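The structure under discussion appears below in the form of structure tokens.
Each ligand, and each atom within it, is numbered from 1 in the order the structure gives. What you see is a predicted model, and the numbers here were worked out from it, not measured in a lab.
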Amino acid sequence: MARVTLICLYDDWAMGLRALSNALMLENHSVSIVHLKLPAKKNNSFFLDHPINYENHHSRHDAGLFSVAAYNVDAEMWTQNELALLKDAINMTEPDIIGLSNRSTYEVFLPQLAEVLSDFPDSIKLVGGFGPTLNPQAYFKHFDYLCIGEGEATLVALANRLPSPDEAKDIPNLAYLLDGEPHFTHMEAPDQTKDYMHGGDWHLAPHYIIENNKLTKHSSFFDWADLGKDYYTMIGRGCLGKCSFCAVGNFHDTYKNKGIDYKLRRCRTIEAIMAELEQAKRHGFAKIVFMDSFFSATTTYLLNFFKQYRDRIGLPFFAQFLPSQALENKTIIDAALAAGLSHTVIGFQSPSSEINTKIFRRKTDHAKALELARIFNERGQVLIDYHIISHNPFESEEVFTQGLDLIAALPKENGQLVLQRLCPFPGTVLYKMITDSHLDLDTDEKHKQFIFYLAKYNFDEAAFESLFLKYKNDNVTELISAYNSSLCDSSAPIIAADNQFVHLRLPLTAFLKSYSNYNIFSVDGRFVALAHDIGSFDFSKTRVWEIKHIPYGIISADSLLEIQKLINDATQFQALLMGIRVEFIEEMWSYNIFNVDTTFIAVSQELGELDLNKIGPWDVRQTPFEILSAPSLEAIRRQVDNAVFLRKRLVGPSVEFLETRDGYNLLKLDSRYVAVSHGLGTIDFANEYLWEKDLSSGSVLAAGSLESLIEQLGQIQVIRD
Ligand code: B12
Ligand code: SF4
């Protein structure tokens, strides 16, 4: 039996790892799954000029002011602490094999991950997924092995034998450096009789979650998953399409180029899917999300599937259909609706059929896609996402006009426009096309087209025309502020900002202050403003996105500064009311100390150079203790002293209990003295880190001597009294 630790990045469901762990567990190997960060999203127009990922604009989520959504690493980069926790998690699982699942987006961060893995010289280090399959060269120097294509058989063979690279020749789908040169083993098609999506005990593999600078362990996936919400799965593998921008078609070519008969699409048996979904339903999931790029199968299969789904599962579900198949056999639409279809995607991608065929290699027929949208729309119950790809260097002015016409033709009720920015991944056909073409992207022009598409979707005809005529020759900044002003015009049909809440699981936590006509709350590190006009709610019961509200009734932002700005903008676009004077005072150890009005702030130099005249410290994503504040210079110096010590981990057996005083336990930890408030409960110092606790309210104090600690305790008492 081998111990295998699989790692995914910014993924909660990690279906690839689910399949791999099923395959391993069926062969009696022991598996642990580590989630380094959960999905993250951030809305900010900053990402318009700094694209890293699939930035997008979602007309419903982002219906407040203009903003662009960015995901995962660009929304919330992992911290050094979190990398340290990754090391801890791997240590705890003592793996023979460490397997990382990687997508192209994370390739630039490989050195950081490789450094963590290098601490485990005795484990085999393997990487798999779309990233290494498409662009193996980026991975060789960091890993012992790369898995090319689907990984179940390869990983099981590796776990059965734990070979060194020169003994791995007969394991299919592997790549590695042999005498410094890339070496690829033979490829084999996956065993078509096997269905690893479900059937094993994948959910019983321990899941380690690293998020918000904390590491938590869960003995079952279902103990941790958001029960009562969405359950993700697929009815098959692969896709009938071979789009040039998408990794999936290129994945298929990896097999085809080696002469392997690899089916574009394989469907699971209906019985296996029903058994899986019955389990999901028993666990309390409320909606099923089928992540198949298309719900494609024979018509007989689909009709039978929907009938069984309706009878045995009956939960609302998301699925995406092939327009041509659904229109030729409209009984599929009827059956899907009767079974509970509640959400779908209609993907247009380029507004031009010619670009779709010649550049994107898609067979999309816009007339059919629109007809399907109309049918769903007429039937009323289905929410439709319309997908269009923006920022395409091959698209001319004429295509932009076609895009406006296409958007005008979309049924809007129950619809939402999702503009995805083109991001060509290395190794895809499109990437090569773009590099070979030497075409320059006129970024400003593309940004403007992006905003005009949104306006076309969000505004009525007259409002759009007026914006377009006035600003088509203006710069992007002018256009954005004109777009935002037009949104305030009541003629524009705004579905006000329920943005950003999709990933928030917590109810509202703390009321911060009243500002203008809004109450501002802090919600798990973000800020939410609710207009007084929308009344009061019991936030422990109501999620903020469930509240029906007036335009701009709910505004959210990542910082207090930003939310105040949005409130100002919303209430007549007043000038920003912030003008803080910041003065540098001194450097203390690895901190810079500043005076900001009546407060003193210490900023860790690890955060790099910050211009505090332009950004508030609350705008900076921090790990604990990176930014400290206090009302006096003495107090901030003391905090720096504490922080430098506390940022080191306070774990280990050398904890000596000294005494109890004023609601604190006084301890000696190594050479330091620490007071821990009784309010924190019992702390197991061998397994817990003090900084995981809420340290903000003076619940942990530290000093170099007992006298100094007792003095601090006295001061705290004065403040509390
Ligand atoms: C589902 C899905 C999502 C879901 C994922 C979460 C969920 N709730 O399930 C959502 C919508 C959140 C999502 C988000 C994103 N996705 Co996505 N997503 C997919 C999709 C449709 C299916 C992936 C899947 O689960 N497949 C089924 C499993 C069983 O297969 P698999 O993951 O490929 O894993 C197999 C092999 O790859 C391999 N393997 C994988 N990892 C490892 C590791 C080891 C050690 C080994 C040995 C083998 C191995 O073995 C596995 C079993 O056979 C694919 C397209 C597709 N049809 O495949 C795109 C796809 C994977 N996504 C893609 C992208 C770009 C993204 C985003 C970056 C988009 C963005 N927002 O910017 C994010 C990144 C998310 C992340 N955490 O990294 C790209 C990846 C391209 C690339 N070159 O890397 C794809 C291929 C689509 C595309 N347009 O090309 N995605
Ligand atoms: S249809 Fe979707 S999943 Fe299939 S190849 Fe095209 S973009 Fe990829």
Side-chain angles (χ1 to χ4, degrees), residues 4-24 35-41 51-56 69-75 97-107 124-135 143 145-156 158-159 173-174 190 194 196-197 230-234 236-252 264-265 289-294 296 320 322 345 347 349 356 360-364 387 389 420-421 423-428 430-431 503:
V4 184
T5 299
L6 298 172
I7 304 168
C8 58
L9 309 175
Y10 295 90
D11 209 340
D12 41 8
W13 281 80
M15 289 190 286
L17 297 193
R18 181 200 303 187
L20 294 171
S21 63
N22 260 333
L24 287 165
H35 301 251
L36 175 57
K37 307 283 298 167
L38 297 176
K41 180 182 173 219
I52 312 177
N53 218 309
Y54 276 3
E55 285 75 17
N56 69 35
Y71 294 89
N72 303 341
V73 267
D74 41 347
I97 300 177
I98 306 172
L100 172 72
S101 182
N102 210 51
R103 293 180 179 169
S104 306
T105 344
Y106 311 109
E107 252 154 40
I124 290 178
K125 287 170 272 300
L126 167 73
V127 63
F130 286 97
T133 300
L134 294 183
N135 189 21
F143 294 88
Y145 298 107
L146 282 54
C147 171
I148 309 293
E150 293 189 25
E152 290 89 338
T154 308
L155 187 52
V156 168
L158 210 54
N173 301 22
L174 274 186
K194 297 267 170 47
Y196 292 112
M197 284 304 279
D230 300 350
Y231 180 92
Y232 288 80
T233 191
M234 296 173 114
R237 292 278 190 99
C239 170
L240 296 177
K242 292 177 82 177
C243 304
S244 61
F245 57 85
C246 173
V248 179
N250 296 277
F251 201 78
H252 173 262
L264 279 170
R265 173 90 180 144
V289 182
F290 293 108
M291 286 306 305
D292 303 71
S293 302
F294 279 111
S296 41
Q320 184 178 351
L322 279 170
V345 168
Q349 314 316 358
N356 264 338
F360 285 166
R361 302 193 179 175
R362 283 174 71 86
K363 297 186 198 115
T364 328
H387 282 195
I389 294 178
Q420 303 265 15
R421 186 181 184 137
C423 176
F425 291 120
T428 57
L430 185 72
Y431 186 86
H503 294 292

Any nitrogen or oxygen of [X] lying under 3.5 Å from a nitrogen or oxygen in ligand 1? Just yes or no.
{"X": "Met15", "answer": "no"}
{"X": "Gly151", "answer": "yes"}
{"X": "Thr105", "answer": "no"}

Shortest non-hydrogen contact between [X] and [Y], atoms and distance:
{"X": "Glu150", "Y": "Asn173", "value": "O-ND2, 3.7 Å"}
{"X": "Leu38", "Y": "Tyr10", "value": "O-CD2, 3.4 Å"}
{"X": "Asp230", "Y": "Trp13", "value": "O-CZ2, 3.3 Å"}
{"X": "Pro132", "Y": "Ile148", "value": "O-CD1, 3.7 Å"}
{"X": "Gly238", "Y": "Arg265", "value": "O-NH1, 3.0 Å"}
{"X": "Ser101", "Y": "Leu17", "value": "CB-CD2, 3.8 Å"}

Using heavy-atom distances, let me know which of [options] sits nearest [atom].
{"atom": "atom 78 (O) of ligand 1", "options": "Tyr106, Phe294, Tyr10, Tyr196", "answer": "Tyr106"}
{"atom": "atom 35 (C) of ligand 1", "options": "Gly16, Cys8, Gly236, Cys239", "answer": "Gly16"}
{"atom": "atom 57 (N) of ligand 1", "options": "Ser104, Ser293, Pro426", "answer": "Ser293"}
{"atom": "atom 65 (C) of ligand 1", "options": "Tyr145, Tyr431, Phe425", "answer": "Phe425"}

Contacting atoms of ligand 1, where contact means under 4.0 angstrom from a heavy atom of [X]:
{"X": "Leu9", "result": "76 (C), 77 (N), 78 (O)"}
{"X": "Gly149", "result": "36 (C), 38 (C)"}
{"X": "Trp13", "result": "7 (C), 8 (N), 9 (O)"}
{"X": "Gly99", "result": "45 (C)"}
{"X": "Asn72", "result": "74 (C), 75 (C), 76 (C), 77 (N)"}
{"X": "Met234", "result": "22 (C), 26 (N), 27 (C)"}
{"X": "Val248", "result": "55 (C), 56 (C), 57 (N), 58 (O)"}
{"X": "Glu152", "result": "52 (C), 53 (O)"}

Go through Lys242 and Leu264 one step at a time and tell me if the side chain to side chain contact (heavy atoms under 4.5 Å, CB included) criterion holds. CA-CA 9 Å; Lys242 292 177 82 177; Leu264 279 170; 4.1 Å; yes

Measure the shortest side-chain to side-chain distance between [X] and [Y] over non-hydrogen atoms and say whether it is less than 4.5 angstrom.
{"X": "Asn72", "Y": "Pro39", "result": "yes"}
{"X": "Phe290", "Y": "Thr233", "result": "yes"}
{"X": "Glu152", "Y": "Asn22", "result": "no"}
{"X": "Asn135", "Y": "Ser104", "result": "no"}
{"X": "Glu107", "Y": "Leu134", "result": "no"}

Tell me the contacting part of Leu20 for ligand 1: side chain, backbone, both, or neither, using a 4.0 Å heavy-atom threshold, strictly below. side chain

Under 4.0 Å from ligand 1, counting heavy atoms only, is it the side chain of Thr428, its backbone, both or neither? neither

Against heavy atoms of Phe245, which atoms of ligand 2 measure under 4.0 Å? 7 (S)

Counting from 1, what ligand 2 atoms have a heavy atom of Arg362 closer than 4.0 Å? 1 (S), 6 (Fe), 7 (S)

Using only atom types and a distance under 3.5 Å, with no angle test, would you say the side chain of [X] pairs donor to acceptor with the backbone of [Y]?
{"X": "Thr428", "Y": "Cys246", "result": "no"}
{"X": "His387", "Y": "Gln349", "result": "no"}
{"X": "Asp292", "Y": "Gly236", "result": "yes"}

Strictly under 4.0 Å, does any heavy atom of [X] approach an atom of ligand 1?
{"X": "Gly427", "value": "no"}
{"X": "Leu134", "value": "yes"}
{"X": "Arg18", "value": "no"}
{"X": "Leu100", "value": "yes"}

Might you work through the side chain to side chain contact (heavy atoms under 4.5 Å, CB included) test for Leu155 and Leu6, ending with a clear yes or no? CA-CA 11 Å; Leu155 187 52; Leu6 298 172; 3.9 Å; yes

Evaluate the side chain to side chain contact (heavy atoms under 4.5 Å, CB included) criterion for residues Val156 and Leu24: first the C-alpha distance (whole Å), next the side-chain angles of each, then the deciding distance (0.1 Å), finally the verdict. CA-CA 6 Å; Val156 168; Leu24 287 165; 4.2 Å; yes

Does ligand 2 have any atom that is closer than 4.0 Å to a heavy atom of Gln349? no

Residue-atom pairs from the protein, N, O or S only, that lie under 2.8 Å from atom 4 (Fe) of ligand 2: Cys239 SG

When Phe245 is tested against each of Tyr431, Phe360, Phe425 for ring pair (Phe, Tyr, Trp, His ring centres under 6.0 Å), which residue passes? Phe360

